[in-house]
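Written out below as structure tokens is the structure these notes cover.
Residue numbers start at 1 and run along the sequence shown.
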Amino acid sequence: MSNTETFKFETEVQQLLHLMIHSLYSDKEIFLRELISNASDAADRLRFEALTDDGLISDGPELAIHVTIDKKKKTITVSDNGIGMNHDEVVDNIGTIARSGTKEFVDALTGDQTQDANLIGQFGVGFYSVFMVADTVVLTTRKAGSPPGEAVRWESDGSGKYTIENVTKDTRGTDIVLTLRSDQKELLDPYRLRNIIGKYSDHISLPIRMPALNDTDKQQKTKELKWETVNKGSALWTRNKKDVAQDDYQAFYTTLSYDPEPPLSVIHNRVEGKLEYTILLFIPSKAPFDLWDRERRHGVKLYVRRIFIMDDAEQLMPAYLRFIRGVVDSADLPLNVSREFLQKNKDIDKIRAGAVKKVLAELKRLSAKEPENYNVYWEQFGRVFKEGVIEDHDNRETINKLLRFASTKDGTDKQTVSLEDYVNRMPANQKGIYYLTADTYSAATQSPHLEIFRKNDIEVLLLSDPIDEWVVNHLTEYHDKPLKSVAKGALDLDQVVDDGEKDRREKEYGSMLTRFKEILKDQVKDVRITHRLTDSPACLVADENDLGTNLERILKSIGQSAPEYKPILELNPDHPMISELDPDGKDMEDWAYVLFDQAALSEGAHIKEPAVYVRRVNQLLSQRIASKPRIITAP
């Protein structure tokens, strides 16, 4: 059996390689950022593994990244002495990259070169950026702890195939050799590479070394190199925030998130006392592509005394703040931290609570001092942030103050109205905070339930995000003012509705209500005179404790069963379709069903028998036309 194996790239990877090779991106220098980032990760993982197996670093505990240039061979080599890979890991991580998100990357391309270049890192396909500048790539790697003879070499020219063979490598870690394309000679300039490293990788805590600039070619040939560290190499969060420039924060944020846009806000804080830790957190200005994937968490990294422990430390930030990026560095946690340990550790709970309070405090500051930036934040992350009303009982009061909604006062779908704004505008005799849920903002604005409120200039919050149905089930009051759905229960509008008038209307139309109840007994819980309609003939409302049409629709759309409930039909006696009805008329049954179905349609609900509904409407229209005298004009 041959020592060399040849493989074919998957279809999606071939698409990706085609994009890289054909120079889709102007920011080709990011290839070095990606290789250094991968090398740093490899070193971090070795450092963590060595906590329980010091034999892994027996051939040298110092970790570093080395970058060298060979102008004659037109090559750049990036080497690390990190964890390395074995044969199977090379196939999984470099060859088939089954978990890299390649397909998602290709689907997400926008055509904007700068934006698409940053997607490379976000989707985990950074290694393949090397083909933007290289004709061929050779990766040689040896897993820490394995013998020299078990190293692996991976090679490809990006044309659709790659080879893997077993080789011998004296040191652990990974060497990546790029043979540059003819149009990339500028990258053979050591000053150019140093500038790229300073731009993208200056904050990597591992030393990044290059040969001293005064080294001669002879020294390089004999490997008698004098190495210089070309990055600052100190963890940014360990510095006093007074000594860190905004550009430094921006550069570090970009290495964490691959987001070229500056963050909306930076939270840099050190806590001292019984529990010592440092947090450096960023509130992004743009939502990541996977914001709605609650299981895909990679926002906050955990360090212990500047030693990397793990990515995706989900115990450090709740799900509703999963968009936060940054690091937490503890001085007190043990180095051999596991995910199980994090789930049960009181110190972690305290760190998480402190970090969350800092984030919420910063959001509160933004909302008060920088409302425009807060509006940007809300537009990007508001729907996710609302999950906090349900999940975070300890901070619910603060979260409630930070919520924003659309409102009938604004006449726009922008969610800019706070509960505090609403309460401050309430008339003295208004008892509750009124809201309406719907599947879209447009559907909410056109709902007949708003008619009495518009007529009397009473503000209603318009909630059209799916999460809103769960939010209002947990957010029942604000400043002792109950939240009240305008589409549920009996309206308490004493300031605009006279109780005596209510009773008179109920008695006047008693026989009609009875007839409607008889006809629709299988469809409705009750039929009553409305006090919320001014223009429409009828509407459907849910009983105070029933599910409601919108929530029922949401549950069914995601494949969940919804409890059966019957709505209440409300009739508007001031509408001619109601006032002129004859309860004893022969077409009363058709009118009852048509009004019921129309009320359902106005709520965005689906009627059970649309063909029957159309037949009834046509029949009633025909009767109406037939009852009109025909006027024949003389020729």
How far apart are the closest heavy atoms of [X] and [Y], and which atoms are they?
X: Ser367; Y: Arg404; value: CB-NH2, 3.5 Å
X: Leu316; Y: Ile348; value: CD2-CD1, 4.0 Å
X: Leu366; Y: Ser265; value: CD1-CB, 4.3 Å
X: Val67; Y: Ile197; value: CG2-CD1, 4.4 Å
X: Ala39; Y: Leu206; value: O-CD2, 4.5 Å
X: Ile164; Y: Val90; value: CD1-CG1, 4.0 Å

Does [X] come within less than 4.0 Å of [Y], counting only side-chain N to carboxylate O?
X: Glu150; Y: Arg142; answer: no
X: Lys386; Y: Asp468; answer: yes
X: Arg47; Y: Asp44; answer: yes
X: Glu276; Y: Lys350; answer: no

Test Arg396 against Glu387 for salt bridge (charged side-chain N to carboxylate O under 4.0 Å, His left out), laying out the working first.
-> CA-CA 11 Å; Arg396 183 176 292 176; Glu387 296 172 10; over 6 Å; no

Nearest 0.5 Å, what's the [atom1]-[atom2] distance between [X] and [Y]?
X: Ile65; Y: Thr174; atom1: CD1; atom2: OG1; value: 11.0 Å
X: Gln184; Y: Leu178; atom1: CD; atom2: CG; value: 11.0 Å
X: Glu379; Y: Thr416; atom1: CD; atom2: OG1; value: 11.0 Å
X: Arg192; Y: Ile196; atom1: CZ; atom2: CD1; value: 4.0 Å
X: Phe385; Y: Leu403; atom1: CZ; atom2: CG; value: 6.5 Å
X: Ser418; Y: Tyr478; atom1: OG; atom2: OH; value: 6.5 Å

Determine, stepwise, if the pair Glu261 / Ser285 fulfils side chain to side chain donor-acceptor pair (under 3.5 Å).
-> CA-CA 7 Å; Glu261 300 297 324; Ser285 57; 5.2 Å; no

Tell me, with the steps shown, if Val328 and Ile351 meet side chain to side chain contact (heavy atoms under 4.5 Å, CB included).
-> CA-CA 9 Å; Val328 172; Ile351 292 174; 3.6 Å; yes

Is a donor on one side and an acceptor on the other found under 3.5 Å between the side chain of [X] and the backbone of [Y]?
X: Thr254; Y: Gln250; result: yes
X: Asn473; Y: Glu469; result: yes
X: Asn195; Y: Tyr191; result: yes
X: Ser201; Y: Ile204; result: no
X: Arg383; Y: Gln380; result: no
X: Asn3; Y: Asn166; result: yes
X: His268; Y: Trp237; result: yes
X: Glu34; Y: Phe31; result: no

Looking only at side chains, do [X] and [Y] share a donor and an acceptor under 3.5 Å apart?
X: Gln415; Y: Asp465; value: yes
X: Thr171; Y: Lys169; value: yes
X: Asn240; Y: Asp243; value: no
X: Thr136; Y: Thr179; value: yes
X: Arg270; Y: Thr278; value: yes
X: His87; Y: Glu165; value: no
X: Tyr253; Y: Asp259; value: yes
X: Asp175; Y: Ser79; value: yes

Is the shortest heavy-atom distance from the side chain of [X] to the side chain of [Y] under 4.5 Å?
X: Leu475; Y: Leu419; result: yes
X: Leu280; Y: Val266; result: yes
X: Ile208; Y: Ile36; result: yes
X: Tyr377; Y: Pro284; result: no
X: Asp41; Y: Ser37; result: yes
X: Glu155; Y: Val137; result: no
X: Leu46; Y: Ile57; result: yes
X: Met85; Y: Leu139; result: yes

Please walk me through it: do Leu281 and Lys358 pass side chain to side chain contact (heavy atoms under 4.5 Å, CB included)?
-> CA-CA 9 Å; Leu281 304 174; Lys358 284 292 181 181; 5.7 Å; no

Starting from the C-alpha separation in whole Å, work towards a yes-or-no answer on side chain to side chain contact (heavy atoms under 4.5 Å, CB included) for Thr140 and Val152.
-> CA-CA 6 Å; Thr140 306; Val152 180; over 6 Å; no

Would Trp227 and His66 count as a ring pair (Phe, Tyr, Trp, His ring centres under 6.0 Å) if you check the C-alpha gap in whole Å, the side-chain angles of each, and the deciding distance to 0.1 Å?
-> CA-CA 9 Å; Trp227 296 98; His66 292 83; 4.6 Å; yes

Taking it one step at a time, do Phe252 and Tyr249 satisfy ring pair (Phe, Tyr, Trp, His ring centres under 6.0 Å)?
-> CA-CA 5 Å; Phe252 184 68; Tyr249 282 128; 8.4 Å; no

Reference residue Lys357; test side-chain hydrogen bond (donor to acceptor under 3.5 Å, both in side chains); the match among Asp394, Asn395, Thr398 |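 Between Lys357 and the candidates, side-chain hydrogen bond (donor to acceptor under 3.5 Å, both in side chains) is satisfied uniquely by Asn395.
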
Please walk me through it: do Tyr277 and Glu272 pass side chain to side chain donor-acceptor pair (under 3.5 Å)?
-> CA-CA 7 Å; Tyr277 62 91; Glu272 297 180 334; over 6 Å; no

For Phe282, which of Leu256, Leu264, Val327 qualifies under side chain to side chain contact (heavy atoms under 4.5 Å, CB included)?
->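 That would be Leu256.
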
Mark yes when over 12 heavy atoms from residues, nucleotides or ligands other than Glu370 sit less than 6.0 Å from its CD; otherwise mark no.
->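 More than 12 within 6.0 Å, yes.
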
Centroid-centroid under 6.0 Å between Phe7 and Trp154 rings =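 Centroid separation for Phe7 and Trp154: 6.0 Å or greater.
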
Where do Arg194 and Glu228 land on the salt bridge (charged side-chain N to carboxylate O under 4.0 Å, His left out) test, with the steps shown first?
-> CA-CA 11 Å; Arg194 286 169 180 248; Glu228 291 181 346; 2.9 Å; yes

